[in-house]
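Worksheet: the structure to be examined is printed underneath.
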Amino acid sequence: MTGTELEWSQGDRAKAAAKLMLGWIALLWLLEVVDVASGHALDGFGITPRTSSELVDIVPAAFIHFGFAHVAANSIPLLAMGFLAALGGIRRFALVCAAIIVADGLGVWLIAPAHTNTAGASGLIFGLFGFLVVGGFVERRPLGVLVGLLVAAVWGTSILVGLAPTQSGVSWQGHLLGLAAGVAAAFAFRRRAGKGVAQV
């Protein structure tokens with residue numbers, strides 16, 4: 001594609017971001033339907049820490065959930081934050097998500113309590129939260145700062161609660177590592193000043 005073909009209008013970028021995230025959420029629900037229908041066979045794709053064979057599950061674990069309530073709880077924040085992050089460009093968004101998922105998964109593999117099984121999109125959600133809240137300040141973009149403040153106002157309390165190590169059955173390690181990975185991604189994938197049109 002030529003450079004002009006890559007320069008999408010705001011409407012085009014919004015449509016692409018919406019389609020991507022709606023498809024992502026649909027995939028999560030489909031996987032949970034398959035999981036339930038198969039007697040929870042997909043739960044084995046969660047991460048069991050410090051077991052070498054589990055390293056291959058680092059990426060799949062971000063798409064697997066433990067029940068419909070689990071995937072439902074993650075759907076709205078992932079849809080909203082993923083959409084906002086994807087507005088900056090689909091390729092950049094894919095790199096950010098890949099970095100968060102891999103870093104978070106490796107961290108969980110390294111430090112989660114023994115004999116646990118960790119799965120779900122919440123690590124990515126916490127990462128996208130960190131990416132969006134910090135990104136505007138890192139890039140010194142007023143609109144990005146405004147988006148970050150809005151995201152913090154809507155989900156900030158839930159994020160803080162999710163970091164508490166007192167919740168039974170919740171991987172605060174995965175949440176914390178995801179958040180840290182998202183903040184790091186905001187620096188690693190920041191756009192240079194003066195680049196007016198995002199590419200997808």
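Atom set for the values below is all heavy atoms of this structure, side chains included, hydrogens, waters and symmetry mates excluded.
Neither Ile76 nor Leu84 shares a network with the other; the hydrophobic side chains, linked directly or stepwise wherever heavy atoms of I, L, V, M, F, W or Y lie under 4.5 Å apart, form separate groups for each. Both Leu20 and Ile125 belong to a single network of hydrophobic side chains, linked directly or stepwise wherever heavy atoms of I, L, V, M, F, W or Y lie under 4.5 Å apart. With hydrophobic clusters built from ILVMFWY side chains whose heavy atoms lie under 4.5 angstrom apart, Phe126 shares a cluster with Phe189. Taken together through direct or relayed side-chain contacts under 4.5 Å among Ile, Leu, Val, Met, Phe, Trp and Tyr, Leu177 and Val170 form parts of separate hydrophobic clusters. In terms of hydrophobic clustering, with Ile, Leu, Val, Met, Phe, Trp and Tyr side chains grouped at heavy-atom distances under 4.5 Å, Leu95 and Ile101 are assigned to a common cluster.
Under the side-chain contact (heavy atoms from CB on, under 4.5 Å) criterion, Ala17 pairs with Phe83, Ala86, Leu87, not counting sequence neighbours. Leu149 is linked by a side-chain contact (heavy atoms from CB on, under 4.5 Å) to Phe137, Val145, counting only residues two or more places apart in sequence or in another chain. Here Val102 pairs with Val59, Leu106 under the side-chain contact (heavy atoms from CB on, under 4.5 Å) rule; sequence neighbours left out. Taking Pro60 as the reference, Phe45 meet the side-chain contact (heavy atoms from CB on, under 4.5 Å) condition, with sequence neighbours excluded. By the side chain to side chain donor-acceptor pair (under 3.5 Å) test, Asn74 pairs with His65, sequence neighbours left out.
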Side chain to side chain contact (heavy atoms under 4.5 Å, CB included) evaluation trace for Val108 with Ile58: CA-CA 9 Å; Val108 167; Ile58 284 174; over 6 Å; no
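Between Phe93 atom CZ and Arg13 atom CZ the span is 15.0 Å, to the nearest 0.5 Å. With rounding to the nearest 0.5 Å, the separation of CG in Leu124 from CG in Leu78 is 5.5 Å. Summarising the geometry, atom CZ belonging to Phe129 is positioned 7.0 Å from atom CG belonging to Leu179; distances are rounded to the nearest 0.5 Å. Separating the CG atom in Leu163 from the CG atom in Leu176 is a distance of 6.0 Å, to the nearest 0.5 Å. Atoms CG and CG, on Leu132 and Leu150 in that order, are 10.0 Å from each other to the nearest 0.5 Å. Summarising the geometry, atom CZ belonging to Arg50 is positioned 9.0 Å from atom CD1 belonging to Ile111; distances are rounded to the nearest 0.5 Å.
Applying the side chain to side chain donor-acceptor pair (under 3.5 Å) test to every pair with at least one member in residues 98-123, sequence neighbours left out, gives these pairs: Ser122-His175. Applying the side chain to side chain donor-acceptor pair (under 3.5 Å) definition to pairs two or more places apart or across chains, none involves residues 156-174.
Between Thr48 and Ser53 there is no side-chain heavy-atom pair separated by less than 4.5 Å.
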Acceptor/donor pairs from residues 24-43 side chains to any protein atom, 3.5 angstrom cut, sequence neighbours excluded:
{"from": "Trp29", "atom 1": "NE1", "to": "Ser75", "atom 2": "OG", "distance (Å)": "2.9"}
{"from": "Glu32", "atom 1": "OE2", "to": "Gly67", "atom 2": "N", "distance (Å)": "3.1"}
{"from": "Asp35", "atom 1": "OD1", "to": "Ala41", "atom 2": "N", "distance (Å)": "3.3"}
{"from": "Asp35", "atom 1": "OD1", "to": "Leu42", "atom 2": "N", "distance (Å)": "2.9"}
{"from": "Asp35", "atom 1": "OD1", "to": "Asp43", "atom 2": "N", "distance (Å)": "3.4"}
{"from": "Asp35", "atom 1": "OD2", "to": "His40", "atom 2": "ND1", "distance (Å)": "3.2"}
{"from": "Ser38", "atom 1": "OG", "to": "Val34", "atom 2": "O", "distance (Å)": "2.9"}
{"from": "Ser38", "atom 1": "OG", "to": "Asp35", "atom 2": "O", "distance (Å)": "3.0"}
{"from": "Ser38", "atom 1": "OG", "to": "Ala41", "atom 2": "N", "distance (Å)": "3.3"}

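The hydrophobic cluster containing Phe187 also includes Val134, Val138, Val183, under a criterion of side-chain heavy atoms closer than 4.5 Å among ILVMFWY residues, counted directly or through chains of members.
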